[in-house]
Amino acid sequence: MARRVEPESWGRSTVQTACPLDCPDSCTVHVTVENGRIVEMDGGSDNPATRGYICGKVRRFADRVYGDDRLLYPAIRKGAKGDGVFNRVSWDEALDHIAQKVTEIRDRSGAEAILPFCYGGSNGLLTQDTNDAALWRKLGTSRLARTVCAAPTGAANLGLYGKMPGVAYEDYVNARLIVLWGVNPATSGIHIIPFIKEARQNGATLVVIDPRRTSLAKQADLHLAPHPGTDVAVALAIHKYLFDKGHADEAFLNEHAIGADALRARADEWTIARAAQTAGVDAAQLESFAQLYASTSPAVIRCGWGLERNRNGGSAVAAVLALPAVGGKFRVRGGGYSMSNSTALGIKAALWMNDTPEPATRIVNMNKLGQALLEYNNPAIEMLFVYNCNPLATMPDQNRVLKGLRRADLFTVVFEQVFTDTARFADVLLPATTFVENYDVAKGYGPISLQLVRPAIEPVGESRSNPEVFSDLAERLDVGDAETETDTLLRIVGRMPPAIAAELMERGAVTPPWNGRPVQFVDVFPLTPNQKIDLFPAALEAEAPRGLYGFQPDPATDKYPLALISPASEKTVSSTLGELRERAAMLQMHPSDAAERGLSQDDPVRVFNDLGEVQCPVALTRDIRPGTVSLSKGLWRKSTYNGSTSNALVPNTLTDLGGGACFNDARVQVALLGRH
Ligand code: SF4
């Protein structure tokens with residue numbers, strides 16, 4: 001709160017910072033400021049992944065910073081819950097009110113009646129898992145399993161490889177075969193695209209595996225469009241092909257892997273024909289892919305997050321990540337796999353949180369928020385503290401989340417940048433700074449990177465940063481001392497290895513090891529206990545309901561035959577920036593499915609199942625496979641006719657590994673709106 005300077009004295013300047021939003025690329029961003037206001041945002045050119053440009057989403061980030069929906073001051077609910085009517089109050093009043101409620105609830109029901117709720121609204125290292133975590137730990141609140149995304153991929157990558165660093169974007173130019181599996185870089189992680197294009201100019205073959213014909217799928221040499229939830233069958237069929245046809249790299253497996261026999265046994269039932277039938281893909285094309293993968297090197301698989309979001313998602317990711325091991329694709333530049341690189345530098349919250357031990361309190365899986373708010377007891381949830389997250393837009397089982405937020409006896413705090421769908425249901429609203437107004441540390445999970453996020457402008461309105469507000473609250477509750485964000489920054493950077501800390505603070509970015517381009521099994525090896533790939537980890541086998549690589553059948557019924565998917569869009573980062581969407585979102589549907597239902601382009605439709613109903617227009621397109629419909633991820637309630645989004649149709653069931661969300665297990669029917 002101490003760094004106010006009169007904006008008029010600033011003139012024009014450009015601040016180099018980094019984007020901490022939940023996107024793999026972690027761009028270096030140049031923010032140009034004139035008279036204290038942002039006039040332009042674009043990419044820094046000295047970052048080998050950013051290369052001078054950023055996505056259209058963040059290029060217009062100033063529309064969020066200065067937009068009509070921006071929260072400018074603390075406020076306390078005045079009208080009925082959900083009416084969105086609030087009275088402006090001071091920070092002292094708001095925080096004293098929250099502290100009083102915390103004390104009351106803790107004394108009456110125990111601190112586990114308080115549920116902190118956060119996710120990657122800003123993925124920076126200061127905005128979560130610092131002073132917030134210390135506050136919750138010291139109070140002994142319920143703990144949150146933050147598994148809405150990346151939990152199955154994380155479990156699989158950890159189990160098989162101990163999260164070994166992956167192939168860098170720049171090294172895709174060396175590949176002869178590139179496989180994009182369950183990922184659409186045109187909407188998320190765009191900076192890989194120029195390298196894919198360069199590789200193709202060099203003669204590389206591109207394979208895309210996605211139920212949609214994405215822009216890259218249209219350019220691909222081969223596009224497989226498996227039915228959602230069947231990627232595990234496709235991947236196991238490739239394994240069987242490699243083993244049976246003598247393409248498995250036995251020498252590599254003997255030296256570097258365990259569990260190959262168990263994987264082979266599980267793959268054995270998946271002939272090309274059976275997998276093709278299960279996945280609804282052409283058997284000849286699947287076999288072509290198997291041949292191509294067996295015979296081409298360097299071959300790299302970009303494994304995305306689309307294939308994890310179903311009942312078989314963890315096993316699917318494990319089977320995909322196992323392919324370069326069985327196929328012998330490592331040890332060359334441009335060969336292997338890319339998954340998340342978030343752990344490559346060894347920078348994690350444990351470095352600064354270990355001296356505040358985590359109590360063994362109740363764990364609530366965030367994907368079950370609606371159920372938790374309505375049904376959990378011993379104790380019931382009496383306070384929900386939401387930050388970096390818009391759960392009404394992003395969590396499964398949306399109607400129960402909504403019902404829970406409406407509970408008269410629930411005290412809800414929302415600490416946010418803008419007036420989100422969830423914020424409307426708050427009892428107390430607290431305004432948060434955005435990444436152009438605060439310090440932070442951005443860690444990439446595509447490129448290996450760690451960068452300093454620097455404020456380019458003063459906080460808008462009375463907004464404050466997360467570390468300041470949580471430490472202020474801790475002081476009011478007598479469980480900690482208030483800290484400025486720069487003090488928090490220096491404290492956590494001080495826990496990093498000295499060379500990393502020094503470079504981060506002096507240069508604003510850390511030089512990654514291996515120049516950011518490790519060759520798997522040359523520069524980096526599995527970080528498993530025995531430094532070998534475990535192709536059949538016992539923990540994953542025990543966790544998956546049908547065992548690792550097991551297949552659970554499709555949840556479709558005659559009543560609800562269509563698979564609904566909700567992929568990332570080019571307009572939002574998850575739900576962030578959803579306030580800027582102007583038009584109603586459209587359900588994408590194949591013309592043959594539309595014809596069966598008598599639907600035409602732009603018709604208003606009901607998309608429904610037993611959990612809820614979404615009303616929106618339909619767009620007919622051959623870019624989605626028949627039997628599957630698609631509505632964008634991260635929509636806000638205003639983006640449909642009736643205020644429900646795809647998450648109103650998503651069950652709160654969990655993935656086979658990691659407790660992840662099964663967004664793509666929604667099965668629905670679609671009808672013309674007005675026809676029942
Ligand atoms: S959202 Fe991704 S592509 Fe866009 S600026 Fe941020 S890191 Fe870069």
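All ligand and atom numbering here is 1-based and tracks the order in the structure.
Annotation for ligand 1: atoms under 4.0 Å from non-hydrogen atoms of S26 are 7 (S). Of all atoms in ligand 1, listed by their number and element, those nearer than 4.0 Å to a heavy atom of H191 are 3 (S). Atom numbering of ligand 1 starts at 1 in the shown order; those under 4.0 Å from a heavy atom of I54 are 5 (S).
Using bins of under 30°, 30° to 60° and over 60° for the plane-to-plane angle, the ring pair F195/Y169 lands in the tilted bin.
Heavy-atom minimum distance, I347 versus P497: CD1-CD, 3.8 Å. Summarising the geometry of L631 relative to C616, their closest heavy-atom pair is CD1-SG, 4.3 Å, with the distance given to 0.1 Å.
A salt bridge is absent between R625 and D210; no separation between the charged side-chain nitrogens and carboxylate oxygens falls under 4.0 Å.
Between the side chains of R64 and Q417, at least one donor N or O lies within less than 3.5 Å of an accepting N or O.
Contacts between K57 and ligand 1, counted as non-hydrogen atom pairs separated by less than 4.0 Å, are absent for every part of the residue. Using a 4.0 Å cut-off between heavy atoms, P24 makes no contact with ligand 1 at all.
The protein heavy-atom contact nearest to atom 8 (Fe) of ligand 1 is C27 SG, 2.3 Å. Atom 6 (Fe) of ligand 1 has its closest protein heavy atom at C19 SG, 2.4 Å. Of all protein heavy atoms, the one lying nearest to atom 2 (Fe) of ligand 1 is C23 SG, 2.3 Å.
The closest donor-acceptor contact from the side chain of N647 to the backbone of V650 lies at 3.5 Å or more, if one exists at all.
The closest approach between any non-hydrogen atom of R59 and ligand 1 is not below 4.0 Å.
A cation-pi arrangement, defined by a distance under 6.0 Å to the six-membered ring centre and an angle within 45 degrees of its axis, is present between R37 and Y66.
For a distance bound of 2.8 Å, the N, O or S atoms of C55 include one lying that close to atom 4 (Fe) of ligand 1.
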